[in-house]
Colleague: 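Take this structure, written in structure tokens, and hold onto it; I'll ask about it next.
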Amino acid sequence: QVQLVESGGGLVQAGGSLRLSCAASARTSSSAVMGWFRQAPGKEREFVAAISWSGTTLYSSDSVKGRFTISKDNAKNTVYLQMNSLKSDDTARYYCAADSAYATIRVRPAYWGQGTQVTVSS
């Protein structure tokens, strides 16, 4: 079992920045890929970005490309999501996830965190 704990959410004005963190309790083959999802009220949870411990990244569609950056600190078993130029549409609960491979993390991650709320005021 791998526990994921997110932090860093909050209230920010449009155009501002936030950095989310996700600390994993362990680094195992079953959590070789870690990522971020978000879920806005009344909408389905959507994939945002993922990163492997070797550093390969994967981003979702155009909505966050160029504004969000995923990174990691292997020594701390922590993954980050730097969010810049935030828009009101980015308001959502952001969830950390982990899985053994890219092929599955976007569809059915093995592990989920509890989420952290991001609210962008316009």
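Remember, predicted model here, so these are calculated numbers, not experimental data. When reading the values below, keep in mind they use all heavy atoms of this one structure, side chains included, and skip hydrogens, waters and symmetry mates.
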Colleague: Considering only distance and modelled atom types, tabulate donor-acceptor pairs under 3.5 Å from the side chains of residues 92-101, sequence neighbours left out.
Modeller:
{"unit_1": "R93", "atom_1": "NE", "unit_2": "Q114", "atom_2": "O", "d": "3.2"}
{"unit_1": "R93", "atom_1": "NH2", "unit_2": "Q114", "atom_2": "O", "d": "3.4"}
{"unit_1": "R93", "atom_1": "NH2", "unit_2": "G115", "atom_2": "O", "d": "2.9"}
{"unit_1": "Y94", "atom_1": "OH", "unit_2": "R38", "atom_2": "NH1", "d": "3.0"}
{"unit_1": "Y94", "atom_1": "OH", "unit_2": "D90", "atom_2": "O", "d": "2.7"}
{"unit_1": "D99", "atom_1": "OD1", "unit_2": "A110", "atom_2": "N", "d": "2.8"}
{"unit_1": "D99", "atom_1": "OD2", "unit_2": "A101", "atom_2": "N", "d": "3.4"}
{"unit_1": "D99", "atom_1": "OD2", "unit_2": "T104", "atom_2": "OG1", "d": "2.3"}

Colleague: Test your reading of the model: is there a side-chain donor-acceptor pair from T119 to the backbone of T91, 3.5 Å cut-off?
Modeller: no

Colleague: Is there any salt bridge (Lys or Arg N to Asp or Glu O under 4.0 Å) pair reaching into residues 68-89, and which pairs are they, with sequence neighbours excluded?
Modeller: none

Colleague: Would you say the side-chain atoms of R67 pair up with the backbone N or O of S85, donor to acceptor, closer than 3.5 Å?
Modeller: yes

Colleague: Just grab all the ring pair (Phe, Tyr, Trp, His ring centres under 6.0 Å) pairs involving residues 9-50, residues at least two apart or on different chains.
Modeller: F37-F47, F37-W112

Colleague: Which atom names give the shortest non-hydrogen contact between L58 and R106, and what distance separates them?
Modeller: CD2-CD, 3.6 Å

Colleague: Mind jotting down which residue pairs meet the side-chain hydrogen bond (donor to acceptor under 3.5 Å, both in side chains) criterion with at least one end in residues 6-16? Sequence neighbours excluded, please.
Modeller: none

Colleague: For residues 41-94, which residue pairs pass the disulfide (SG to SG under 2.5 Å) check, not counting sequence neighbours?
Modeller: none

Colleague: Quick one: pull up OG1 in T57 and OH in Y102 and give me the separation to the nearest 0.5 Å.
Modeller: 6.0 Å

Colleague: Please identify each residue that fulfils side chain to side chain donor-acceptor pair (under 3.5 Å) with S17, with sequence neighbours left out.
Modeller: N84

Colleague: Can you check whether V48's main-chain N or O pairs, donor with acceptor, with S60's side chain at less than 3.5 Å?
Modeller: yes

Colleague: Could you pull out all residues at least two apart from S52 that satisfy side chain to side chain donor-acceptor pair (under 3.5 Å)?
Modeller: S54

Colleague: Tell me the disulfide (SG to SG under 2.5 Å) pairs involving residues 47-77, sequence neighbours left out?
Modeller: none

Colleague: Only counting residues at least two apart or in another chain, list the ones meeting ring-ring contact (aromatic ring centres under 6.0 Å, His included) with Y59.
Modeller: none

Colleague: Does anything in residues 48-81 pair up under disulfide (SG to SG under 2.5 Å), and if so which pairs, sequence neighbours excluded?
Modeller: none

Colleague: Do you know the tightest heavy-atom contact between V2 and A24?
Modeller: CG1-CB, 4.3 Å

